[in-house]
Structures are given as C-alpha cells and as structure tokens.
Amino acid sequence: MSSNVRVRFAPSPTGYLHVGGARTALFNWLFARHTGGTFILRIEDTDKARNTEAATQAIYDGLNWLGLDWDEGPFKGGNHGPYFQSEREDIYLRYFNKLKDAGHLYEEENGSWRFKSLRKVVKFDDLVCGHVEFDMSNAEIHPDITIRRPDGGWIFHFVNVVDDIEMGMTHVIRGEDHLSNTPKHVELYEALGVPHPQFAHIPLILNRDGSKMSKRDQGAAVGGYMEQGYAPEAVVNFLCLLGWSPKENREIFDIKEIIERFDLAHINRKAASFDLEKCHWMNVQYLLHMSLERFTQLARPFIDRAAIPYKNDAELTAVLAIVKEKTKQLDEVPDRISFFFTEDYAYEDEGVEKALKVPGALDKLTALAAAFEASETWTPEAIEATLKGTAAANGWKNKELIHPSRIAVSGRSVGPSLYHMMEVLGKDRTVARIRKTVEKFK
RNA sequence: GACCCUAUCGUCCAGUGGCCUAGGACACCGCCCUUUCACGGCGGUGACACGAGUUCGAAUCUCGUUAGGGUCGCCA
C-alpha cells in the first residue's frame with residue numbers, strides 16, 4: 001500500500017531526545033506506515049549557537065533504537081534534500097525574496113526582518129483539536145513575527161514553513177505547544193500562495209503530578225530507557241497508548257497491530273501524565289513473553305559491558321533461559337547471572353545467617369551433596385526427587401535443604417528456580433559448591 | 001495578564017443521549033499458587049471538577065465558573 005502522505009519529524013538538536021519528541025516521531029511514523037506514506041527526518045539546526053553533534057547523534061540513536069526508520073533524511077537521502085536546515089540557505093533566500101518582493105516583509109533598525117501579519121481571522125481544522133480560530137487583527141496580542149536574525153540566521157517559523165512546502169508535507173503532526181504558532185504559519189502559507197498542510201496537534205506529556213515534563217525529569221530522556229535496559233518494543237507500545245487508544249480493553253499490542261489500527265482521529269485531546277510504573281510493568285511483560293533469542297540479543301550488550309566471562313553462546317543461553325522470567329530490566333542481567341560464571345561468588349550476609357548458621361544446616365548440606373553425587377540422572381525433576389527424598393529419609397522438611405542449598409550454590413537467597421539452576425550448573429559443580437560452602441562456614 | 005487547548009478512579013485508557021448501580025490496565029490492599037524472588041489467579045478500595053440549562057432521559061449536547069496545560073523570543 002502506498003499513498004501520497006508525507007509527514008516528518010523535525011527535531012532541533014539541542015539536547016537529548018525527549019519522550020515527548022519520541023512520541024511525536026512515533027505518531028508521525030505510525031501515520032506514514034498506516035497510510036503507506038513517507039516518513040521524513042529533517043534536522044532543524046538553524047540555531048548555530050545551540051546545536052551540537054552529540055544531540056544530533058542522540059536523535060539518530062533514539063529513533064533507531066525505537067525502530068522508527070525514516071524514508072528520507074540523513075543517511076537516506078531523498079529527492080527533497082538537503083535534510084539539514086543549515087544546508088538549505090539558497091532555498092530560504094529564494095522564499096525570503098519572494099515575500100519581500102510581495103511586500104510582506106520589513107526590516108527592523110537592527111537589521112532583523114519581520115513578517116507583516118495579514119491581520120485577519122485565521123481559521124483551520126485541526127485533525128485532533130477540531131476547528132480552531134485565532135483573531136489576528138490585534139497587533140498587540142499577536143505581534144509580527146521575526147523570520148530572520150540581524151546576522152542573517154533564519155527563525156523557526158519561516159524555515160519550518162518553507163521546508164514543509166518544499167518537502168511536500170501533506171500533514172503536520174506535532175506537539176500541542178505549536179498550536180498557538182499555527183495561525184502565524186497559516187499566514188505565511190497564504191502570503192506564499194500555497195495551501196497549508198493538514199495539522200494535527202497532539203497533546204503534551206506531563207509528569208505524574210501534572211507539571212510539564214522537562215529534560216531533567218525521571219523518564220524524560222529516551223537514552224535512559226536504552227541504558228536501563230528497557231525493551232524498545234515495550235517503550236514503543238507504552239508510548240503509543242499515551243494519548244491514543246485502539247479502543248480495546250487490552251494493553252499489549254505488537255507494532256504490526258498498532259500500525260493497522262492507528263489513526264489521528266482517535267488521538268486524545270487531553271495532555272497525558274507519564275506513568276513510569278506502568279511503562280515498567282509493560283517492559284516486564286515484554287521481557288517475560290519475548291523469545292529467548294530476542295532476550296539474548298537485548299541482554300548481550302549489558303553482559304559484554306560487564307565482562308561476564310562466559311565460554312560460549314550455548315552456556316550463556318542456558319543461563320539466560322532461567323533468569324529471563326525474573327528479569328525486569330536488562331541492566332539487571334549481569335548481576336543475576338554473575339555467579340554462574342565464577343566459583344568465587346560472594347555470599348549474601350542475611351541469607352547466610354538464616355540458612356547456614358542454623359544448627360544442623362551444614363550436616364544436612366553434606367548429606368545432600370552425597371545424595372547428589374550418587375544420583376544417576378541430572379534433570380530438574382531428578383534433582384528435585386533426590387532433594388526431597390533426602391529430606392524425607394532423614395525426617396527433614398524440604399525447605400531445610402532448599403534454602404541452604406540455594407545459598408550454597410549461588411551465594412544468594414533469591415534467584416532462579418533452584419532445580420533448574422542446579423541443572424545448568426551441572427552435577428559436579430553443584431556438589432563441589434555445596435561442599436566448598438560447608439567447609440567455608442564450618 | 002491576553003489568546004488557545006483541555007477536564008471520567010492517584011495514573012493511562014474505554015464510554016460519543018438510554019446497554020453505566022461507569023468498564024479495562026498500572027499502582028495500592030487482601031487471599032490463593034509457590035523452594036526463594038517473580039509470574040499467574042481471585043477479590044477489594046477508588047472517578048464522571050462545579051453550577052445552570054436542553055431533553056422523557058446526560059459522563060455523553062449548550063453556556064458559565066473553576067482548575068490544569070500551552071503560546072505570547074532574534075528557541076524549536
């Protein structure tokens with residue numbers, strides 16, 4: 001399916017990619033993918049003083065991580081480039097002269113240029129907000145906008161409109177903070193003699209307490225989700241449901257389902273508060289239900305960064321398979337698996353007190369090690385049978401073996417399923433670790 | 001302050017005049033499952049901002065008030 005829909009995400013590289021910006025990008029992307037249109041990335045770097053390389057890179061990284069691929073833009077090219085505003089000087093000059101010749105501009109004493117408002121009532125139908133009217137007739141309420149700096153630099157309102165014309169945008173989907181700017185833009189389109197694109201102003205994202213979400217707020221930077229080990233598909237799913245709803249009473253939708261269902265008409269008009277806890281829950285759901293292959297792929301950078309000394313992928317995968325269901329964020333993985341790969345694992349104080357430093361615990365472990373050593377098969381079921389059999393034969397409770405042996409083989413009181421953990425460790429290492437522990441705490 | 005947008009559980013959504021004694025999810029509180037921790041299951045607390053209308057009937061329509069957000073830059 002293809003269509004003539006053309007939408008863009010036009011960030012300014014002045015900081016980190018914000019979740020609000022990411023959601024704007026996401027809604028544009030979804031609209032393009034739903035309609036079979038084209039999604040364009042345009043970098044609005046007109047403010048030389050504030051733009052940075054790092055910020056530009058953060059935009060690429062964030063979009064790539066979220067899976068929001070663009071059809072035209074940096075690295076991709078396209079027939080409407082360049083896609084950096086800093087490289088479009090000649091185009092702006094052309095439009096500037098056009099406006100100037102038509103008498104729409106005037107120069108200030110300091111050398112900046114302003115656009116003379118048409119001083120009429122501006123009306124437009126916003127795809128999200130509905131019919132909107134602004135009475136622009138009063139210059140005190142709506143002063144003429146500046147479009148060019150004394151140094152020749154261009155101002156957002158002007159270049160944004162020029163590029164949207166030149167790049168053939170059919171829809172402008174952006175944050176509601178631009179709604180009040182829109183009548184100015186509509187006037188620019190009119191002065192240029194070009195019909196304006198359709199507008200869709202999506203509500204802003206607020207903090208839990210209703211305040212505006214700013215860069216410093218928790219959960220604000222997309223980079224934070226990458227570092228903490230959220231699954232990108234979970235963050236995407238969460239963001240989709242923030243201000244838009246497929247009208248079904250469920251929460252988990254894969255991206256294909258969302259693309260099928262997405263439409264601008266069902267975007268909420270109300271600003272949404274960002275609930276990090278729900279995002280976290282959604283991430284847990286994704287981690288729990290994704291394939292082991294996907295989990296391994298997502299966890300690997302964290303494991304490598306922590307320099308976990310696994311021998312080969314088979315060994316690593318076997319371990320990941322049993323910690324996957326407990327993992328809530330990928331950045332926990334190195335800690336959750338570290339004890340599998342060293343005999344020099346640390347013992348957790350509280351667990352040692354409760355499970356090992358109790359009368360008889362070490363003797364019971366010794367008996368358990370002997371029983372394990374004598375066992376023929378080493379499957380979770382067999383291990384469980386051996387453990388419970390040992391307990392029963394001696395008149396002990398199962399948990400009198402379970403808790404001490406968990407501490408003995410892992411150093412911890414919490415972790416994966418005990419029998420699966422022992423299976424992955426193997427019989428020899430399990431027995432050796434139990435005996436080593438007995439010696440250590442004698 | 002002016003202009004614009006908005007207003008359902010603490011939060012995210014459902015609800016577009018009767019199906020609502022308002023539904024789902026997160027969080028929270030019980031109970032159950034269980035070798036730990038989770039997961040899961042069951043149940044519970046909890047909302048139509050307020051006031052006038054319109055209508056036989058309003059969470060749903062209109063107006064006002066209040067509240068929140070946005071814009072008013074030589075930032076985007």
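Remember, predicted model here, so these are calculated numbers, not experimental data. Naming: A, B, ... by sequence-line order, numbering from 1 per chain.
Rounded to the nearest Å, the gap between the P atom of B:U62 and that of B:C72 is 29 Å. With P as the reference atom, B:C56 and B:C12 are 37 Å apart, rounded to whole Å. Nucleotides B:G64 and B:U11 have their P atoms positioned 26 Å apart, rounded to a whole Å. Distance noted for atom P between B:U55 and B:G43: 43 Å (whole Å). The gap from the P atom of B:A47 to that of B:U21 amounts to 16 Å, rounded to the nearest Å. As rounded to the nearest Å, B:G23 and B:C4 have C1' atoms that lie 33 Å from one another. Across B:A27 and B:G46, the matching C1' atoms stand 12 Å from one another, rounded to whole Å. Taking atom P on both nucleotides, B:C31 is separated from B:C37 by 15 Å, rounded to a whole Å.
Residue A:Gln285 has its side chain nearest to B:C39 when only B:C39, B:U6, B:C4 are considered. Of the candidate nucleotides B:U71, B:G24, B:A27, B:G24 has the atom lying nearest to any side-chain atom of A:Glu251. Of the candidate nucleotides B:C75, B:G69, B:C26, B:G69 has the atom lying nearest to any side-chain atom of A:Glu176. Out of B:C5, B:A14, B:G73, the shortest distance to the side chain of A:Ser245 is found at B:A14. Counting only heavy atoms from C-beta on, A:His403 has its side chain closest to B:U36 among B:C3, B:U36, B:C5. When each of B:G73, B:C12, B:U71 is scored by its nearest atom to the side-chain atoms of A:Lys278, the top-ranked nucleotide is B:C12. Counting only heavy atoms from C-beta on, A:Arg269 has its side chain closest to B:U6 among B:U6, B:C13, B:U35. When distances run from any side-chain atom of A:Trp281 to the nucleotides B:G73, B:C5, B:C26, the shortest one goes to B:C26. Checking B:G15, B:G69, B:C3 against the side-chain heavy atoms of A:Leu204 singles out B:G69 as nearest. Closest to the side chain of A:Asn181, out of B:C5, B:A76, B:C26, is B:A76.
Contacts of A:Leu418 with the nucleic acid, taken as non-hydrogen atoms under 4.0 Å apart, include base atoms. Residue contacts shown for A:Glu133 are limited to sugar-phosphate atoms, with no base heavy atom under 4.0 Å away. Across all strands shown, A:His280 has no heavy atoms under 4.0 Å from either base or sugar-phosphate atoms. As judged by a 4.0 angstrom heavy-atom cut-off over every strand, A:Gly111 is placed among residues making no nucleic acid contact. Looking at heavy-atom distances under 4.0 Å, A:Tyr419 makes contact with a base. Using a 4.0 Å heavy-atom cutoff across all strands shown, A:Pro416 reaches at least one base atom of the nucleic acid. Across all strands, A:Ser413 comes closer than 4.0 Å to base atoms (heavy-atom distances).
Ranked by how close their nearest RNA chain B nucleotide is to the 5' end, A:Pro246 and A:Ile155 are led by A:Pro246. Comparing A:Arg148 and A:Arg250 against RNA chain B, the residue whose closest nucleotide sits nearer the 5' end is A:Arg250.
In summary, of the residues considered (A:Phe199, A:Phe156, A:Phe124), a ring pair (Phe, Tyr, Trp, His ring centres under 6.0 Å) with A:His185 occurs for A:Phe156 alone.
Under 4.0 angstrom from either OP1 or OP2 of B:C39 there lies at least one side-chain N or O belonging to A:Lys328. At least one side-chain nitrogen or oxygen of A:Asn268 sits closer than 4.0 Å to the OP1 or OP2 atom of B:C13. Proximity of A:Lys270 to the phosphate of B:U8: a side-chain N or O atom is located under 4.0 Å from OP1 or OP2. OP1 and OP2 of B:G73 both lie 4.0 Å or more from every side-chain N or O belonging to A:Arg149. Close to B:G15, at under 4.0 Å from its OP1 or OP2, lies no side-chain N or O of A:Asn249. Applying the 4.0 Å criterion to OP1 and OP2 of B:U11, one finds that A:Ser273 has every side-chain N and O outside that range. Put simply, A:Thr46 has a side-chain N or O that comes within less than 4.0 Å of OP1 or OP2 on B:A76.
Base-pair partner of B:C48: not found among the strands shown (Watson-Crick or G-U wobble, both distances under 3.5 Å). Base pairing of B:G1: its partner is B:C72, meeting the Watson-Crick or G-U wobble criterion (both donor-acceptor distances under 3.5 Å). When both pairing distances are held under 3.5 Å, B:C12 makes a Watson-Crick or G-U pair with B:G24. In a base pair of the Watson-Crick type (N1 to N3 plus N6-O4 or O6-N4) or a G-U wobble (N1-O2 and O6-N3), with each distance short of 3.5 Å, B:G40 is matched with B:C32.
In the interface, the side chain of A:Ser417 is paired with the base of B:U35 through a donor and an acceptor atom under 3.5 Å apart. Between the side chain of A:Lys326 and the base of B:U36, a donor-acceptor pair under 3.5 Å is found. Applying the 3.5 Å distance criterion, the base of B:G70 shares a donor-acceptor pair with the side chain of A:Ser180.
Under 4.0 Å is where a charged nitrogen must lie from a carboxylate oxygen, and between A:Glu373 and A:Arg435 at least one such pair does. The pair A:Arg114-A:Glu107 does not count as a salt bridge, with every side-chain nitrogen at least 4.0 angstrom from each carboxylate oxygen.
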Should A:Glu187 and A:Arg119 be marked as a salt bridge (Lys or Arg N to Asp or Glu O under 4.0 Å) after you check the CA-CA gap, both sets of side-chain angles, and the distance that decides it?
CA-CA 9 Å; A:Glu187 289 192 329; A:Arg119 300 293 165 217; 5.9 Å; no
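Inspection of the A:Tyr92 and A:Thr46 side chains reveals no N or O donor paired with an N or O acceptor under 3.5 Å. Using a 3.5 Å distance cut-off with no hydrogens or angles, the side chains of A:Gln329 and A:Asn283 do not pair a donor with an acceptor.
The aromatic ring centres of A:Tyr106 and A:Phe115 sit 6.0 Å or more apart. Ring pair A:Trp154/A:Phe96: centre-to-centre distance below 6.0 Å.
Figure legend: A:Lys256 and A:Phe262 shown without cation-pi pairing, the cationic atom not lying both under 6.0 angstrom from the six-membered ring centre and within 45 degrees of its axis.
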